[in-house]
Amino acid sequence: MQLLFSDASPYARTVRVVIAQFAIRGIEPVAVNPLDNTELLLDANPLAKIPCLLLNDGGALYDSEVILRYLDHEYCGGELFGQPGDSWYGETQYSLIKGLIDSAVALRQEQMRDDEGLRSPFWTARFEQALLRGLAQIELMAISGHSKLSLQQICLACLLEYIDFRHPDLDWRKVAPATARWLQTFSMGAAMLTTRPRA
């Protein structure tokens, strides 16, 4: 199998962290730039989005949640998602973090429109406010306090390091100080260190 990914993508990183954390073998990482519209990516995913998992039977899986559910079913023994209905509260936590990743990526896309003179102050502020509100709620949910490694923790750590990487001026630690302290330790795990974005 091959995992098409971009080094900076927080979506792809959640998958890469799970692969490393659970020592899943037989998946070759292939770095691609989704903006290049390479034949390899377009043939696998007409949306030209990553991550995309190319299966040995010639099929392809996307997006990150589908890939994570596949890995959980095939390799992780259901430890990530559990059985449907096990915890609607946990599913809501996961949904919140996914939405925050969406906001962080959308904020980055707004920043990239600066060169075209098309950046929207309204949408920039809206995404920043959504991130701060959401992380304040994350702090109340105490996801960092889960006694057992959870998918929510993995996705949260990838989100926070993406914010630090792409939005260093967003002072999220003021609204989530306990989460910030947790990240200092969690981010030093091998699966996080080996997948950290570099550029």
Decide whether [X] and [Y] are clustered together by the hydrophobic rule: side chain heavy atoms of Ile, Leu, Val, Met, Phe, Trp, Tyr closer than 4.5 Å, transitively.
X	Y	result
Leu107	Met112	no
Ile163	Trp123	yes
Val15	Leu80	yes
Leu40	Leu53	no
Leu170	Phe122	yes

Can you tell me how far the [atom1] atom of [X] sits from the [atom2] atom of [Y], to the nearest 0.5 Å?
X	Y	atom1	atom2	answer
Thr124	Asp114	OG1	CG	7.5 Å
Gln2	Cys52	CD	SG	10.0 Å
Cys158	Arg16	SG	CZ	9.0 Å
Arg108	Phe165	CZ	CZ	7.5 Å
Asp63	Lys98	CG	NZ	7.5 Å
Leu96	Ile143	CG	CD1	6.5 Å

[X] and [Y]: which non-hydrogen atoms are nearest, and at how many Å?
X	Y	answer
Leu41	Pro34	CD2-CA, 3.8 Å
Pro46	Tyr62	CD-OH, 3.5 Å
Ile24	Cys76	CD1-SG, 4.2 Å
Pro197	Ala8	CB-CA, 3.9 Å
Val175	Leu132	CG2-O, 3.8 Å
Pro51	Leu3	CB-CD1, 4.0 Å

key: Pair His167-Gln111, side-chain donor/acceptor within less than 3.5 Å   =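 A donor-acceptor contact under 3.5 Å links the two side chains.
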Are any side-chain N or O atoms of [X] and backbone N or O atoms of [Y], one a donor and one an acceptor, separated by less than 3.5 Å?
X	Y	value
Arg196	Glu161	no
Asp72	Glu79	yes
Thr92	Trp88	yes
Asp7	Arg198	yes

note = Paired with Val32, the side chain to side chain contact (heavy atoms under 4.5 Å, CB included) test is passed by just one of Val30, Asp36, Leu35, namely Val30
key: Arg13 and Met192: CA distance, side-chain angles, deciding distance, side-chain contact (heavy atoms from CB on, under 4.5 Å) verdict   = CA-CA 9 Å; Arg13 191 178 182 199; Met192 292 294 294; 3.4 Å; yes
inquiry  = Test side-chain contact (heavy atoms from CB on, under 4.5 Å) on Asp164 and Trp172; report intermediate values, then the result.
reply    = CA-CA 9 Å; Asp164 285 343; Trp172 63 267; 2.9 Å; yes
inquiry  = If you apply the rule side-chain contact (heavy atoms from CB on, under 4.5 Å), what do you find for Lys49 with Asn45, and how did you get there?
reply    = CA-CA 7 Å; Lys49 291 184 176 181; Asn45 182 356; 4.0 Å; yes
inquiry  = Could you walk me through whether Thr179 and Leu183 satisfy the side-chain contact (heavy atoms from CB on, under 4.5 Å) test, starting with their C-alpha distance in whole Å, then the side-chain angles of each, then the deciding distance to 0.1 Å, before giving a yes or no?
reply    = CA-CA 6 Å; Thr179 303; Leu183 181 66; 5.7 Å; no
query = Do Tyr11 and Phe5 touch side chain to side chain, with heavy atoms closer than 4.5 Å?
reply =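 Sidechains of Phe5 and Tyr11: no contact.
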